[in-house]
Number of protein chains: 2
Amino acid sequence: MKSEIIFTGTELILGQSLNTNAQYLQQALAALGIDLYFQVTVGDNLKRLVEAILQASARADLVIVGGGLGPTEDDVSREALAEALGLTLEENPEARLVTERFFKARGIEMPQNNLKQTLAPPGGMILDNPVGTAPGLALEHGSRLYILLPGPPGEFKTMVDGKVIPLLKKRLGPGVSVIKSRVLKLCGIGESRVDEILGPLLRGKNPTLAPTAMFSEVHLRITSKASSHEQADAMIDGMDRRVRELLGQHIYGKDGETLPEAVGNLLAEKKLTLAAAETCSGGYLSHLITSFPGGAEYFKFAAVSGYCGMERHLGLKIDPRKKPAEALARNIREMAETDIGIAITGEGGGLYPAGQGNITIATSFKDRTLSRDLALWGEGAELRQRAVQTCLVLLWRTLK
Amino acid sequence: MKSEIIFTGTELILGQSLNTNAQYLQQALAALGIDLYFQVTVGDNLKRLVEAILQASARADLVIVGGGLGPTEDDVSREALAEALGLTLEENPEARLVTERFFKARGIEMPQNNLKQTLAPPGGMILDNPVGTAPGLALEHGSRLYILLPGPPGEFKTMVDGKVIPLLKKRLGPGVSVIKSRVLKLCGIGESRVDEILGPLLRGKNPTLAPTAMFSEVHLRITSKASSHEQADAMIDGMDRRVRELLGQHIYGKDGETLPEAVGNLLAEKKLTLAAAETCSGGYLSHLITSFPGGAEYFKFAAVSGYCGMERHLGLKIDPRKKPAEALARNIREMAETDIGIAITGEGGGLYPAGQGNITIATSFKDRTLSRDLALWGEGAELRQRAVQTCLVLLWRTLK
């Protein structure tokens, strides 16, 4: 099945909103093995939307339009579909139920302009919208299937999952091809080194292996196309094994897993407790590690303050010339009686990351306290992020 | 000037990457007052990219292609442009300089496949890429301007700013129309109430006023189209004043400003100091408020821990039946000797947000300590976000 998807929305074409719906739907179509060749975005404009629908009809069997189902005059997707196909809109009782139910549940009388949302072309199948006023619509016309979906991301995604995917699965029948992906996540190694080590594996056609570099991490995406989920998974597993043979010691997780989660899980697994003294990182390290059950259980205490507050509440004298990060790491570990103490400090020892990227990270583990001076790029909030990310990489490598 | 933009990338059409380049370029075109009617995305496929370029040529004066300038076989933007316009690619000495310089700076010999990046159609103007191997390209052909840009977001955005905007400004000359926007950010009021209060203002054509609701905030976007920046600004200012007359007490900031920043600025303005005891919020509140210079200066200390650690290090006995959040807020304020103490606690008093959304927020201000039990939606990291966001709204309203 060939598909084409169209998004309508002036906020999209002006770049005021990021089109996350497109990505969501594209992933869903890929997972179903449905080919998508063109994705088109237009403003809320009847003429251009009609043009886009006609064009899509000429090159695809499945045309999905996202957005333009609201109650206002600039919402024109129903009208555009009717005009493109030479049909007339009429009131649809099922659509009326969906829209009325929304207002009823909130004890509000339905405004007159929402009546527009109860229109549909003859033969149109109403797709119930459990979270909004705009029903979706599916229409078989000639050999083509047209689907209209509301634009607000919560509604769009709910309807892709609950209505569109089941509808398409039924239409595809069994035995279709599927595209699946897995992302392996690495830290503590650069992209060029990954490239060098993987070499020819990066040039495979199916499955493909594609690296993406970001600050202190490299993500490797394995994508396979096969005639069944099982086969696609087996191809991915095979590539996964080959990558792990070459780079296993750098892989901290896969897909939705994050580095803080990997650190939290290692803490839990090794039953090691952690405390932190955060100056310029302002509590961000604690927040990240305790966002996952494992880390939250083994993370015991953090003091968040500038040097001045640390001196008062941790009962130590900070001498900026004598490795204050090490003193803080040791002190917080002793005070909280944990296995590991961590400290992150920056220029001036304040809570807001000051200066040009000079950050010190200290770790205290049993009677061994070490620190590392980093020259990071960025300032303010960005510098904080890089400092904490670097700290997580160090923690992960140490725990590993 | 009418424009059309095309993105090529299999990772885009499969939904593996979110197309942030599209938004970036769309915003730039809108700011220049250049109309954009269609944005098209295709995979890395020569035939379909040629089709998209031909189509764009039929309906726009300016055609911009993002992506497909890499050194590998599936990068086909140069080839597609040449084929669409009936031109032949030839080696371009300027392009060669750009690509060679990249490798020279890194002390690496240029691989053979990067030679592909030195090709251009005759008459093509090379756009220097200071941050990558792929030079961009501008080509005047007939009455149209074609621009090819590399796809990696860092390179794409650098070239939009440094090359494309200056080139287009020059081409547009003085006196063009501009589209400008401002977002007013509100908290402590729901979208339907905002709708009710603004009424007819929401139906204006120029400037337009559009609300977007998110958890505990409403954003109002004012957009104006005018023949000069000054005129566009004046129209926005006028609408801004009308909105402020009606909803001023709920507006905490505009555009890039965030609620934590607004809270930090109020702390600085009123010279009030703050300390926090964070259990289930894990340091996230401290992180957000100290991400801005003002807040970081007036935020003095936070203890991040479960009840057990709070008892040991804050020297207080927590009785879960006797409003532990209030005891924590009072205690942290006294201990840190600040004007305000805040505590956020959840079910069980642990660092990881447990259970079904029962969160307590307490504030201690001088001799007055109050707490508020919230029933929030979500769990885990999402519950934490909502708890902290609610705490920021309460803090902002209290400080205001």
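So you know, we letter chains A, B, ... as the sequences are listed, proteins then strands, and number each from 1. Below, all heavy atoms of this structure are taken into account, side chains as well, without hydrogens, waters or symmetry copies.
Contact tally against chain B (heavy-atom pairs below 4.5 Å) for A:Met310, A:Glu11, A:Glu337: the top residue is A:Glu337. Per-residue counts of heavy-atom pairs under 4.5 Å with chain A were compared for B:Gly282, B:Ser281, B:Ser17; the largest is that of B:Gly282. Ranked by non-hydrogen atom pairs under 4.5 Å with chain B, the options A:Gly350, A:Ala52, A:Ala336 are led by A:Ala336. Counting heavy-atom pairs closer than 4.5 Å to chain A, the top-ranked of the candidates B:Ile13, B:Leu36, B:Val183, B:Leu285 is B:Ile13. Interface remark: of the candidates A:Ala354, A:Ser291, A:Gly309, A:Ser291 forms the most heavy-atom pairs closer than 4.5 Å to chain B. Comparing B:Thr20, B:Leu14, B:Leu25 by how many heavy-atom pairs each has under 4.5 Å with chain A, the most go to B:Leu14. In terms of non-hydrogen atom pairs under 4.5 Å with chain A, the most contact-rich of B:Ile289, B:Val42, B:Leu288 is B:Val42.
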Distance-only donor-acceptor pairs under 3.5 Å for side chains of residues 298-306 of chain A, two or more places apart:
| residue | atom | partner | partner atom | Å |
| --- | --- | --- | --- | --- |
| A:Lys300 | NZ | A:Glu297 | O | 3.2 |
| A:Ser305 | OG | B:Lys300 | O | 2.9 |

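Cation-pi geometry between B:Arg59 and B:Tyr37 is not satisfied (NZ or CZ under 6.0 Å from the ring centre, within 45° of the ring normal).
For B:Ala31, no part lies under 4.5 angstrom from a heavy atom of chain A. B:Thr208 does not touch chain A: none of its heavy atoms, backbone or side chain, sits under 4.5 Å away. Proximity to chain B is limited to the side chain of A:Arg312, based on heavy atoms less than 4.5 angstrom apart. Both the backbone and the side chain of B:Gln16 come within contact range of chain A, with heavy atoms under 4.5 Å apart. With a threshold of 4.5 angstrom between heavy atoms, B:Met335 approaches chain A through its backbone and through its side chain. For B:Arg203, no part lies under 4.5 angstrom from a heavy atom of chain A. Residue B:Arg384 touches chain A through its side chain alone, counting heavy-atom pairs closer than 4.5 Å. Only the side chain of B:Ser181 comes within less than 4.5 Å of a heavy atom in chain A; its backbone stays farther off. In this structure, chain A has a heavy atom under 4.5 Å from the side chain of B:Ile179, while its backbone stays farther away.
Side-chain N or O atoms of B:Gln23 include one that pairs as donor or acceptor with a backbone N or O of A:Gly15 at under 3.5 Å. In this structure, A:Asn114 contributes its side chain and A:Pro71 its backbone to no donor-acceptor pair below 3.5 Å. Listed for the B:Asn19 side chain is no donor-acceptor partner under 3.5 Å among the backbone atoms of B:Leu12. Although no hydrogens or angles enter the test, the distance criterion places a donor-acceptor pair under 3.5 Å between the side chain of A:Glu278 and the main chain of A:Tyr284. Checking side-chain atoms of A:Asn206 against main-chain N and O of A:Ser224 turns up no donor-acceptor pair under 3.5 Å. A donor-acceptor pair is defined here as one N or O able to donate and one able to accept, closer than 3.5 Å; such a pair exists between the side chain of B:Thr8 and the backbone of B:Gly43.
Residues passing the ring-ring contact (aromatic ring centres under 6.0 Å, His included) test with A:Phe7, sequence neighbours excluded: A:Phe156.
Considering all non-hydrogen atoms of both residues, A:Val131 and A:Gly154 come closest at CG2-O, 4.2 Å.
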